[in-house]
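Structure first, then comments.
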Amino acid sequence: METKEQKRVKIEFVSSTDSPEFTHLTWALKRSSVVGLDAEWKPIRTQQSSYPTVSLLQIACRVVPRLSDGDGTDPLNDSLVFLLDLLAVPLPLVWELLRDMFISPDILKLGFKFKQDLIYLSSTFCSQGCNAGFDRVEPFLDITSIYQYLQHKQPGRKVSKETKSLATICEEVLGVSLSKAVWHPLVPSKELQCSDWSHRPLTEEQKTYAAVDAHCLLEIFTVFQSKAIKEGSSLHNSIELHPLNAALGLKEILDKPGVLGPISWFLCRNTIPLDDALSKIIRKYGEKIVLKDSDRKPRTTRRKGKRQSSVGLICKQKQVENCSDCQGPPPWDLSLGGDGCPKFLCDVMVEGLAKHLRCVGIDAAIPSSKKPEPRQLINQAHKEKRVLLTRDAKLLRHDYLIRNQVYRVKSLLKNDQLLEVIETFQLKICEHQLMSRCTKCNGSFVQKPLTTEEAVEAAKGFQVIPNCLFDRNLEFWQCMDCNQLYWEGTQYHNAVQKFIDVCKLNE
Ligand SMILES: [Zn+2]
């Protein structure tokens, strides 16, 4: 890699189809073999019945540059980033251009978790006068796949299955911190990420932030490309200098006043031969994004309980690590059509917490299988409208599937965990709720207490009622699900007292 100072990103803001910038975009797309795509949308603060409206689409083009006397800078590090203002440009007028780009076999599309962007883009175009949205991006390469490939290539390195943020990948692959890069403003990226992308005019910082997010995809790909090319000797031979055909009509660019100062164009060593090498890469590693009908409409759970905070899911999913707190209404909230009864699903790591929750009368299920896959947990939580409680940070990255329904418990001890959940979800615990639920199976008790005689009868065959209980006129309760019998013995009273203390009911 060259020193970072030599990277140049030329940014063009496209806000009308009559503008020279738009002409330039059309031109650039015809001459780009690789584009990096990213989109921004306005953060959603309340529950909405549709997807967010995408307000900006960033397209970083690696345009084949003209012959030039070059100054030694790597041409692969320079790129042209178009910021397509979807709030200003009439969407039906750009639909075809974008659709063609998405499906053109001659353009490799790069993205980071771009499926979500595509879903939102598609819905934005549909809702604003376009008959169709977008349903596929092909050929496509996800930066996460590239990253995983690069990790495999490092001997002795353990491949992490964890999803890294784009910033982390940039740092690891390019050795550049997105927020500290010379071409990046010194504004915390998270702050910008969550800034209001529907506000116009965008600040220079917003524009640069948006452009860099798309541009860095090209850079990561460049690293990958050179590794992949070195792999196959057949590819290797074809990457020698072939400066012919590189002098494409760049007059338009050079005649235009540069947005960020002059841009240099360099001798390109990857024109025609690279197309060959590139198509080999695409054949070997290429992916595609195909949207199904079910992707096009927000699911109820997606719609429900969007976070109210400005940080987290309502922003892009690119910094999953930061999204550890549920901050919107939970799925049982009345405002979301829920029944008001809190329901949880406790991951195996917090099974003890499940028992504690049941002790205070809260519905707390455990996974239906012994060693559940993350997807199974997510499905169960979704189906039963539960909040998944876990200590596994990795599960949080599935949070986008069931918004606001995964919560990472921070406390280590059961009592502290219980209090944490009660406070986080503002659960109202009354004394009469204590010991009102089967701690064994989470079932509810029969409506009326049983007498000792009835209890002995009911317990026959699976539970022994100690003789010492017989003359004490106790009330017995039976679980309707597993038939377990409970009675108000000494242990019961001790437990009630304990939970009164833990839940601070007498304060
Ligand atoms: Zn039970």
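For ligands, and for the atoms within them, numbers begin at 1 and follow the listed sequence.
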| Using a distance-only test with no angle check, is there a side-chain donor-acceptor pair under 3.5 angstrom linking Y147 and Q151? | yes
| query | Within less than 2.8 Å of the Zn ion (ligand 1), how many protein N/O/S atoms are there? | reply | 4
Please tabulate, for side-chain N and O atoms in residues 346-356, each donor-acceptor pair with protein atoms closer than 3.5 Å (sequence neighbours left out).
unit_1, atom_1, unit_2, atom_2, d
D347, OD2, T390, OG1, 2.6
H356, NE2, N415, OD1, 2.8

| query | Out of curiosity, K504 NZ to I429 CD1, how far, rounded to the nearest 0.5 Å? | reply | 13.5 Å
| message | Checking side-chain polar atoms at under 3.5 Å, does E454 have a donor or acceptor matched by the opposite partner on T451? | response | yes
| field | Among W197, Y120, Y51, the one residue meeting ring-ring contact (aromatic ring centres under 6.0 Å, His included) with W41 | value | Y120
| said: Parallel, tilted or perpendicular, judged at 30° and 60°: which one describes the rings of W487 and F476? | reply: tilted
